[in-house]
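Scroll down for the structure; my scribbles are underneath it.
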2 protein chains.
Amino acid sequence: MPQKQRADARSNRERVLAAARETFAAAGLEAPMREVARRAGIGVATLYRHFPTRADLVTTVLAERVEACGVQMRRALDDPDPWRALSGTVLEFADRQVRDQALNEALLGSGEVSAAFGAERREHAQALNVLVARARAAGVLRAGVDVDDVRAGLLAIASLRRLPARTSAQVIGRLADLVLAGIRV
Amino acid sequence: MPQKQRADARSNRERVLAAARETFAAAGLEAPMREVARRAGIGVATLYRHFPTRADLVTTVLAERVEACGVQMRRALDDPDPWRALSGTVLEFADRQVRDQALNEALLGSGEVSAAFGAERREHAQALNVLVARARAAGVLRAGVDVDDVRAGLLAIASLRRLPARTSAQVIGRLADLVLAGIRV
DNA sequence: GCCGGAACCGGAGCAGCTGTTCCGCTGTGA
DNA sequence: TCACAGCGGAACAGCTGCTCCGGTTCCGGC
């Protein structure tokens, strides 16, 4: 692949990515391509030249955020306090959900979009396994609680995405606390 | 308005309602009108003659289910055991969510569809207030838990609607237990 | 039994949204 | 300067809710 991309094309690609980040975070992954193009100040054809299909754009935008999740997860795995590691993960997950309408779907969703992040999702699931196992070994989990309970809680938080923005932040915060109270001993 | 509706029209109206019940419960409230008509074995024009707008059909189908919710709520208010009343309400809510993809949205949602059930939603909210107040008075709730926490839990259960049907039943069950564990003392 | 017009029906069609492509023009950079 | 990578916006295809209209069916009166 020759590097002979023109300078204006490179700058347009960046503008598309910036506009897509804003749009998807504010309006969710279903935001129309025309809206992304409009916000970037370019035509739809230009958008499609850089990202041949909608899924390509979504995947590219999500990739960097997913990596940020990975960083947080690895930090949690290094935390010597098992409860702080697990509860921090849940709270940060909820916080990301409030800030970014589009992200968590990639880690928990089942659509074709999130299929592109198979490896990351497996890593995420594996790390969650470890965090829960450690917390249980430390005796801070209520009897009978397992990984799938925690995952159900995370899924629920992620599913609240569609609520009106005014209330969703409060509801998500309450739900995260509720989930933590539900799994703690 | 004269009662001179013809017999075939009456029967068609019933077929539309039956088809709509099936379709909405299986595919959610967003199911296309054409699909309802197809399942009923009639044309779309006939469907629109009986229900002039999409919202009319949805409202009519939901009305009977919403009433069933009211019945359950009133039964819970009569239960002398505060915890059984509240936890039973949460569990029945989750169970309805599993069986009917479309219902709970009407009680908790914020779209224009659920606006038609303002009175029922207020009654539902009021009953929930009473149930939570009684449970707190009985000392079965964890300190600091209030109605909005319970409502956040119910909202979360209702939001899981979009999950693939295969897994949603299990996830909803786990989440309901998690919510109950989170609010109990 | 059957007649006639009001009531009713089906499906093609309209308007508006989406993702995606085509093509003539523009502006970059060697 | 000028070839050609790159651009914008109209247009296409396919979905949606909803409507129009010519043909069909019911049913009260004879």
Side-chain angles (χ1 to χ4, degrees), chain A residues 1-20 23-24 26-62 101-102 105 109 111-116 162, chain B residues 1-20 23-24 26-62 101-102 105 109 111-116 162:
Chain A
M1 43 194 70
Q3 281 297 99
K4 58 193 331 185
Q5 196 181 38
R6 243 164 59 179
D8 54 344
R10 281 183 68 86
S11 105
N12 269 340
R13 185 191 159 90
E14 282 313 307
R15 289 170 70 185
V16 167
L17 273 177
T23 311
F24 289 157
L29 289 180
E30 296 86 356
M33 296 291 262
R34 280 171 175 76
E35 172 61 23
V36 175
R38 197 193 55 75
R39 195 186 284 241
I42 62 167
V44 280
T46 303
L47 196 166
Y48 274 93
R49 204 163 305 104
H50 290 292
F51 302 93
T53 181
R54 173 186 182 76
D56 292 325
L57 177 59
V58 172
T59 300
T60 305
V61 168
L62 286 181
Q101 301 251 29
E105 208 169 74
E112 64 259 43
V113 167
S114 48
R162 302 189 162 269
Chain B
M1 42 193 71
Q3 280 298 98
K4 56 195 330 186
Q5 196 183 39
R6 249 165 55 177
D8 54 345
R10 281 183 68 86
S11 104
N12 268 342
R13 187 191 157 90
E14 281 312 308
R15 289 169 70 185
V16 166
L17 274 178
T23 310
F24 287 157
L29 289 181
E30 296 87 356
M33 296 293 260
R34 280 171 174 78
E35 172 62 22
V36 175
R38 199 191 55 74
R39 196 186 282 243
I42 62 168
V44 280
T46 304
L47 196 166
Y48 273 95
R49 205 164 302 108
H50 290 292
F51 302 93
T53 181
R54 173 187 183 75
D56 292 324
L57 177 60
V58 172
T59 300
T60 305
V61 167
L62 253 38
Q101 302 249 30
E105 208 167 70
E112 65 260 43
V113 167
S114 47
R162 301 188 163 268

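Proteins come first, then strands; the chains are lettered A, B, ... in the order of their sequence lines, and each starts at number 1.
- Straight-line distance from the CE atom of B/M33 to the P atom of C/dC14: 21 Å, rounded to whole Å.
- Here B/D8 contributes atom CG and B/R10 contributes atom CZ; the two are 11.5 Å apart, rounded to the nearest 0.5 Å.
- Taking atom CG of B/D56 as the reference point, atom P of D/dT19 lies 11 Å away to the nearest angstrom.
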Practice item. Using a 4.0 Å heavy-atom cut-off, write out nucleotides 4-14 of chain D from 5' to 3' as B (base contacted by protein), S (sugar-phosphate only) or - (no contact). Key: -BSBBBBB---
Which protein N or O atoms sit under 3.5 Å from an N or O of nucleotides 28-30 of chain D?
none

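- Atom CD of A/E30 and atom OG1 of A/T23 lie 13.0 Å apart (nearest 0.5 Å).
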Point to revise | Stepwise side-chain contact (heavy atoms from CB on, under 4.5 Å) test for A/N12 and A/R49 | key: CA-CA 11 Å; A/N12 269 340; A/R49 204 163 305 104; over 6 Å; no
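- Residue B/F51 contributes atom CZ, which lies 16 Å from atom C1' of D/dG17 at whole-angstrom precision.
- In this structure, A/H50 and A/L57 have side chains that are not in contact, with every pair of non-hydrogen atoms separated by 4.5 Å or more.
- For B/F51 against B/V16, the heavy-atom pair with the smallest separation is CE1-CG1, 3.6 Å.
- Taking B/R38 as the reference, B/E35 meet the salt bridge (charged side-chain N to carboxylate O under 4.0 Å, His left out) condition, with sequence neighbours excluded.
- Across all strands, A/A7 comes closer than 4.0 Å only to sugar-phosphate atoms, never to a base (heavy-atom distances).
- Judged by distance alone, with hydrogens and angles left aside, the side-chain atoms of A/T46 form no donor-acceptor pair with the main-chain N or O of A/I42 at under 3.5 Å.
- Close to D/dC18, at under 4.0 Å from its OP1 or OP2, lies a side-chain N or O of B/Y48.
- Between B/T53 and D/dG17 there is no side-chain N or O to OP1 or OP2 distance below 4.0 Å.
- With a 4.5 Å cut-off on side-chain heavy atoms, A/T53 and A/Y48 do not count as touching.
- Distance, B/L57 CG to D/dC18 C1': 13 Å, rounded to whole Å.
- For A/P32 and A/P52, each mapped to the nucleotide of DNA chain C holding its nearest heavy atom, the one lying further toward the 5' end belongs to A/P32.
- Atom P of nucleotide D/dG17 and atom CD of B/E35 are separated by 11 Å, given to the nearest angstrom.
- Residue A/V58 is tested with A/V61, A/T60, A/L62 for a side-chain contact (heavy atoms from CB on, under 4.5 Å); the sole match is A/L62.
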